[in-house]
Amino acid sequence: MVIVMAAGATDAELAEMIGQVEAAGGAAFVSRGVSRTIVGVIGHEDVLESLDLGTLPSVSEVVRITAPYKLVSQEHHAGTSTVTVGGVPIGPDTFTLIAGPCAVETPEQTLAAALMAKKAGATLLRGGAYKPRTSPYAFQGLGLAGLRILADVRAESGLPVVTEIVDPADIDVVCEYADMLQVGTRNMQNFPLLQAVGSAGKPVLLKRGLAATYEEWLMAAEYVAQRGNLDIVLCERGIRTFEPDTRNTLDVSAVPMVHRMSHLPIIVDPSHAAGRRDLVVPLARAGIAAGADGIMVDVHPQPEAALCDGGQALHDATLAELAEAVATLPALLGRRSAVRMLP
Ligand code: PEP
Ligand code: MN
């Protein structure tokens with residue numbers, strides 16, 4: 001259930017309410033909004049009901065959440081939340097372009113990709129230092145050296161960094177360099193990893209597992225939220241179907257469905273959905289039209305020489321086409337480009 005505290009509730013009253021929940025074996029997660037404090041309460045429903053928290057003068061409302069995912073549900077928070085990454089918003093009023101190389105390879109390649117991304121309108125840089133590859137013989141990423149390159153390129157380009165974490169053991173080092181932690185499709189149900197990123201205090205980009213239902217995806221997000229982190233952005237990146245001509249099938253329905261089921265913003269990754277450059281812009285347009293809060297694409301200064309996913313990386317003409325789509329289509333839906341707010 002979700003407890004909406006009364007407007008004038010004091011910290012002492014909040015602590016008293018949480019004390020009652022914990023004494024009953026439950027757990028409480030506090031979200032402080034501008035005008036009201038909301039507490040997600042998890043525990044045995046019957047025991048929590050018997051506390052009759054709605055009768056406390058400090059409580060304005062008790063909302064019973066029927067969805068199995070609680071903190072990330074629409075019932076907990078109506079509408080779409082805004083998640084801010086290094087000063088860049090991702091949410092309902094804006095449209096955010098995240099772009100960069102699939103993998104960090106060299107300082108020159110990463111900087112060139114970041115500048116291409118920025119020119120196309122990106123306000124966040126993507127790039128993998130730890131790569132979750134299907135084959136153990138494929139390029140696995142530069143690890144710490146890659147994170148350092150990303151930090152240098154952030155300083156040079158001004159673009160905050162989104163980068164993947166694959167092992168909970170790397171959480172401290174990745175947090176030292178990243179502005180947003182990406183959990184990839186292969187790790188969507190890696191529960192220790194989800195709990196580690198939930199406790200890390202950084203925004204999280206949670207990609208959909210390649211065979212995950214919406215409910216499984218939102219339950220994975222709930223693992224992050226349950227550790228006290230509601231700064232989660234979901235990413236539809238294509239699911240596995242019977243179609244061999246594309247790498248995956250972009251599930252455009254995910255965008256409006258997630259917006260109905262959850263308050264978390266959702267972006268689309270047409271690059272990993274298609275696996276081929278010629279489909280990236282059409283799928284990006286579809287994602288924007290469906291109401292995505294942003295898109296994430298691979299770009300590379302020399303796709304033919306890329307160590308990872310070069311066949312889907314945008315470059316020259318295709319990147320210009322993407323930039324045109326991003327500059328024009330979101331505005332038709334009432335969204336403005338997300339720019340970085342400096343503190
Ligand atoms: C990526 O974005 O670099 C990536 C590996 O994506 P996915 O987890 O969607 O395959
Ligand atoms: Mn990739």
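Atoms within each ligand, like the ligands themselves, are counted from 1 in listed order.
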(message) Keeping Asn229 on the side-chain end and Lys202 on the backbone end, is there a donor-acceptor pair under 3.5 Å?
(response) yes

Nitrogen or oxygen contacts under 3.5 Å, ligand 1 side and protein side:
{"unit_1": "ligand 1", "atom_1": "2 (O)", "unit_2": "Arg126", "atom_2": "NH1", "d": "2.8"}
{"unit_1": "ligand 1", "atom_1": "2 (O)", "unit_2": "Gln182", "atom_2": "NE2", "d": "2.9"}
{"unit_1": "ligand 1", "atom_1": "2 (O)", "unit_2": "Lys207", "atom_2": "NZ", "d": "2.8"}
{"unit_1": "ligand 1", "atom_1": "3 (O)", "unit_2": "Arg126", "atom_2": "NH2", "d": "2.7"}
{"unit_1": "ligand 1", "atom_1": "3 (O)", "unit_2": "Lys131", "atom_2": "NZ", "d": "2.8"}
{"unit_1": "ligand 1", "atom_1": "6 (O)", "unit_2": "Lys207", "atom_2": "NZ", "d": "2.9"}
{"unit_1": "ligand 1", "atom_1": "8 (O)", "unit_2": "Thr185", "atom_2": "N", "d": "2.8"}
{"unit_1": "ligand 1", "atom_1": "9 (O)", "unit_2": "Lys207", "atom_2": "NZ", "d": "2.8"}
{"unit_1": "ligand 1", "atom_1": "9 (O)", "unit_2": "Arg237", "atom_2": "NE", "d": "2.6"}
{"unit_1": "ligand 1", "atom_1": "9 (O)", "unit_2": "Arg237", "atom_2": "NH2", "d": "3.4"}
{"unit_1": "ligand 1", "atom_1": "10 (O)", "unit_2": "Arg186", "atom_2": "NH1", "d": "3.0"}
{"unit_1": "ligand 1", "atom_1": "10 (O)", "unit_2": "Arg237", "atom_2": "NH2", "d": "2.8"}

(request) Mind telling me whether His77 and His263 have parallel, tilted or perpendicular rings, with 30° and 60° as the class edges? (result) tilted

(message) Tell me if a side-chain donor or acceptor on Asp298 pairs with a main-chain N or O of Pro101 at a distance below 3.5 Å.
(response) no

(request) May I ask you to say whether Arg285 pairs ionically with Glu321, meaning some side-chain N is under 4.0 Å from a carboxylate O? (result) yes

(request) Decide yes or no for Trp217 and Leu264: does some side-chain heavy atom of the first lie under 4.5 Å from some side-chain heavy atom of the second? (result) no

(request) Verify the neighbour count for atom CD of Glu22: are there more than 12 heavy atoms of other residues, nucleotides or ligands below 6.0 Å? (result) yes

(message) Quick test of your reading of the model: are Arg276 and Asp245 salt-bridged, counting only N-O distances below 4.0 Å?
(response) no

(request) Taking 2.8 Å as the upper limit, name the protein N, O or S atoms near the Mn ion (ligand 2). (result) Cys102 SG, His272 NE2, Asp309 OD2

(message) With a 4.0 Å cut-off on N to O distance, would you call Arg277 and Asp309 a salt bridge?
(response) no

(request) Have a look at Gln312 and tell me which of Ser271, Pro270, Pro303 forms a side chain to side chain contact (heavy atoms under 4.5 Å, CB included) with it. (result) Ser271

